[in-house]
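Read through the structure below, which is laid out as structure tokens, and then see the notes.
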Amino acid sequence: MTTHQYFAIFKALEELTSDPGVGIRLVKSADTAVHPPSTLAAFHARDYRDGLSRIARFKRLCTPEQLHISETRGEVAITSEWFYATEPEPAIAVDITFAFLLELGRRGTGQNLAPVLVELTRADPNSDVLSSYFSCPIRYGAPRDVLILKSSDLNRPFPGHNPELLEILTPALASALGELQALSSIREQVKMVLKRNLASGRPELSGIATDLGLSERTLQRRITEEGTTFRELLVEARHELGRQLLADASADINEVACLLGYQDTSSFYRAFRDWEGTTPNRWRELNMGRASGPGGTSLH
């Protein structure tokens with residue numbers, strides 16, 4: 001899901017209820033045992049500090065969000081950044097994030113820990129639900145949303161520390177994170193969406209931006225920042241998908257051309273010759289030949 005889609009869900013929840021504590025209740029009612037592996041590992045960490053570190057490292061496996069943790073003078077400040085956000089983070093999303101981080105410490109240590117301070121950009125809702133849950137001062141109208149913890153609390157051990165479980169989960173999570181990061185560039189995201197839309201014709205920048213939850217202007221800027229153009233990405237997407245489709249011996253050349261968004265096969269042949277220096281049929285012959293030859297490997 002994109003940041004835009006997550007924010008839409010949060011805003012819908014806010015519109016459905018006037019309860020300022022709904023985010024807190026969602027977190028408190030969640031059973032630790034049903035958390036996904038990326039957060040379950042944190043509850044079995046060595047101590048609160050280790051648990052927070054694991055959440056920050058693997059947060060992106062759950063949401064397009066990154067935690068920033070800084071420690072100075074005995075205090076730890078935690079803020080959250082949503083990738084590609086084009087609007088302020090909904091208040092309920094802030095509450096869920098901060099409550100979850102505190103709940104991690106409370107459940108992990110078995111103690112009713114309290115932050116030093118919670119700063120929120122929103123106006124005062126005239127409710128004590130947040131101060132009651134966090135058990136600390138709440139500063140409204142702040143320049144940023146930040147959760148401030150005591151450094152000493154982060155050193156508190158987790159009695160439920162499970163090194164055997166962590167030994168299993170950590171490598172798998174690291175591998176999944178690596179795969180996600182490989183697709184995290186705008187270049188790869190755009191090409192991924194393009195490949196899904198090529199068969200419907202020539203995709204436009206505006207449509208791809210909508211699919212990614214970005215404005216057309218923002219998408220264009222980020223494409224430019226990565227040193228490429230939308231046209232270049234369209235060509236790359238067609239080339240990569242073309243090779244993938246041709247590697248399937250059962251796929252008809254005319255069908256491949258159609259799936260790549262070409263109106264006629266001759267246009268596909270010209271484009272493919274520019275890419276590979278040969279025709280699709282000849283490329284397929286070479287590809288299949290290497291795949292079936294002794295010790296051979298397919299061309300990818």
Side-chain angles (χ1 to χ4, degrees), residues 1-40 42-43 52 55-56 58-68 78-107 112-115 117-149 180 189 193 206-219:
M1 292 175 60
T2 64
T3 294
H4 176 75
Q5 290 168 330
Y6 270 107
F7 280 15
I9 292 174
F10 293 135
K11 287 189 290 187
L13 284 172
E14 290 178 341
E15 292 174 2
L16 288 171
T17 177
S18 58
D19 180 7
V22 63
I24 303 296
R25 269 199 287 278
L26 286 172
V27 173
K28 290 182 66 177
S29 64
D31 185 351
T32 302
V34 300
H35 276 289
S38 55
T39 52
L40 179 63
F43 285 94
L52 287 173
I55 290 294
F58 298 121
K59 184 68 171 174
R60 287 211 59 201
L61 293 176
C62 290
T63 57
E65 181 185 11
Q66 180 175 347
L67 294 180
H68 297 285
I78 306 177
T79 58
S80 174
E81 175 190 1
W82 286 81
F83 295 102
Y84 312 126
T86 57
E87 57 188 311
E89 181 180 0
I92 190 174
V94 177
D95 292 350
I96 288 173
T97 296
F98 287 176
F100 170 76
L101 296 176
L102 181 58
E103 203 69 19
L104 169 66
R106 288 176 174 176
R107 296 189 190 187
N112 189 34
L113 304 182
L117 175 69
V118 175
E119 296 186 350
L120 301 171
T121 58
R122 79 193 73 161
D124 190 336
N126 296 316
S127 169
D128 62 357
V129 64
L130 295 185
S131 59
S132 175
Y133 172 74
F134 287 104
S135 299
C136 75
I138 308 292
R139 181 180 298 164
Y140 294 99
R144 61 175 184 163
D145 297 305
V146 57
L147 172 68
I148 303 177
L149 304 172
L180 179 64
Q189 290 184 55
V193 176
S206 57
I208 302 302
T210 299
D211 284 351
L212 290 174
L214 301 172
S215 69
E216 185 174 347
R217 181 177 179 180
T218 297
L219 178 58

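Hydrogens, waters and symmetry mates play no part in the numbers below; they use all other heavy atoms, side chains included. Along the sequence shown, residues are numbered consecutively beginning with 1.
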For this session: Search all heavy atoms of Leu130 against all heavy atoms of Pro20 and return the closest pair with its distance.
Result: CD2-O, 4.4 Å
For this session: Starting from the C-alpha separation in whole Å, work towards a yes-or-no answer on side-chain contact (heavy atoms from CB on, under 4.5 Å) for Ile96 and Leu26.
Result: CA-CA 7 Å; Ile96 288 173; Leu26 286 172; 4.2 Å; yes
Exercise. Quick one: does Leu117's side chain get under 4.5 Å of Phe134's, heavy atoms only?
Worked result: no
For this session: Write out all pairs satisfying ring-ring contact (aromatic ring centres under 6.0 Å, His included) with one or both partners inside residues 17-39, taking only residues at least two apart or from two chains.
Result: His35-Phe43, His35-Phe100
Problem set entry | Residues Glu216 and Thr210: side-chain donor-acceptor under 3.5 angstrom | no
Seminar exercise, completed: So salt bridge (Lys or Arg N to Asp or Glu O under 4.0 Å) across residues 125-135, not counting sequence neighbours, yields none
Problem set entry | Distance (rounded to the nearest 0.5 Å) between Leu113 CG and Cys136 SG | 12.0 Å
Seminar exercise, completed: Heavy-atom nearest pair, Leu147 first then Phe98, reads N-CZ, 3.5 Å
Exercise. What is the minimum heavy-atom distance between Cys62 and Ser38, and which atoms define it?
Worked result: SG-OG, 2.9 Å
Problem set entry | Nearest non-hydrogen partners of Thr97 and Glu65, listed with the distance | OG1-OE2, 3.2 Å
For this session: Could you check if a side-chain atom of Lys59 sits within less than 4.5 angstrom of a side-chain atom of Gln66, using non-hydrogen atoms only?
Result: no
Problem set entry | Those residues that, when tested against Ser135, pass side-chain contact (heavy atoms from CB on, under 4.5 Å) (two or more places apart) | Arg106, Ala114
Exercise. Is there any salt bridge (Lys or Arg N to Asp or Glu O under 4.0 Å) pair reaching into residues 4-16, and which pairs are they, with sequence neighbours excluded?
Worked result: Lys11-Glu87
For this session: Using only heavy-atom distances, determine whether the side chains of Thr121 and Arg144 contain a donor-acceptor pair under 3.5 Å.
Result: no
For this session: Report yes if some heavy atom in the side chain of Ile148 is under 4.5 Å from a heavy atom in the side chain of Val118; otherwise report no.
Result: no
Seminar exercise, completed: Taking every heavy atom of Asp145 against every heavy atom of Val94, the minimum-distance pair comes out as OD2-CG2, 3.6 Å
Problem set entry | Test item: Ile208 and Leu219 side chains (from C-beta on) under 4.5 Å apart, heavy atoms | yes
For this session: Identify, with sequence neighbours excluded, every residue that meets salt bridge (charged side-chain N to carboxylate O under 4.0 Å, His left out) alongside Glu89.
Result: none
Problem set entry | Any residue meeting salt bridge (charged side-chain N to carboxylate O under 4.0 Å, His left out) with Arg139, in chain and number order, not counting sequence neighbours | Glu119
For this session: First locate atom OG1 of Thr32, then atom CG of Leu40, and finally report the distance between them rounded to the nearest 0.5 Å.
Result: 8.5 Å
Problem set entry | Stepwise side-chain contact (heavy atoms from CB on, under 4.5 Å) test for Thr2 and Phe7 | CA-CA 9 Å; Thr2 64; Phe7 280 15; over 6 Å; no
For this session: Please report the shortest heavy-atom distance between Thr218 and Ser215, naming the atom on each side.
Result: OG1-OG, 2.8 Å
Exercise. Would you say Phe58 and Pro37 make side-chain contact, with heavy atoms under 4.5 Å?
Worked result: no
Exercise. Do Tyr133 side-chain atoms and Ala99 backbone N/O form a donor-acceptor pair below 3.5 Å?
Worked result: yes
Problem set entry | Donor-acceptor contact present, side-chain Asp95 to main-chain Gly23, <3.5 Å | no
Problem set entry | Close side-chain approach of Ile9 and Gln5, heavy atoms under 4.5 Å | no
For this session: State, yes or no, whether a side-chain contact exists between Leu52 and Ile78 at a heavy-atom distance under 4.5 Å.
Result: yes
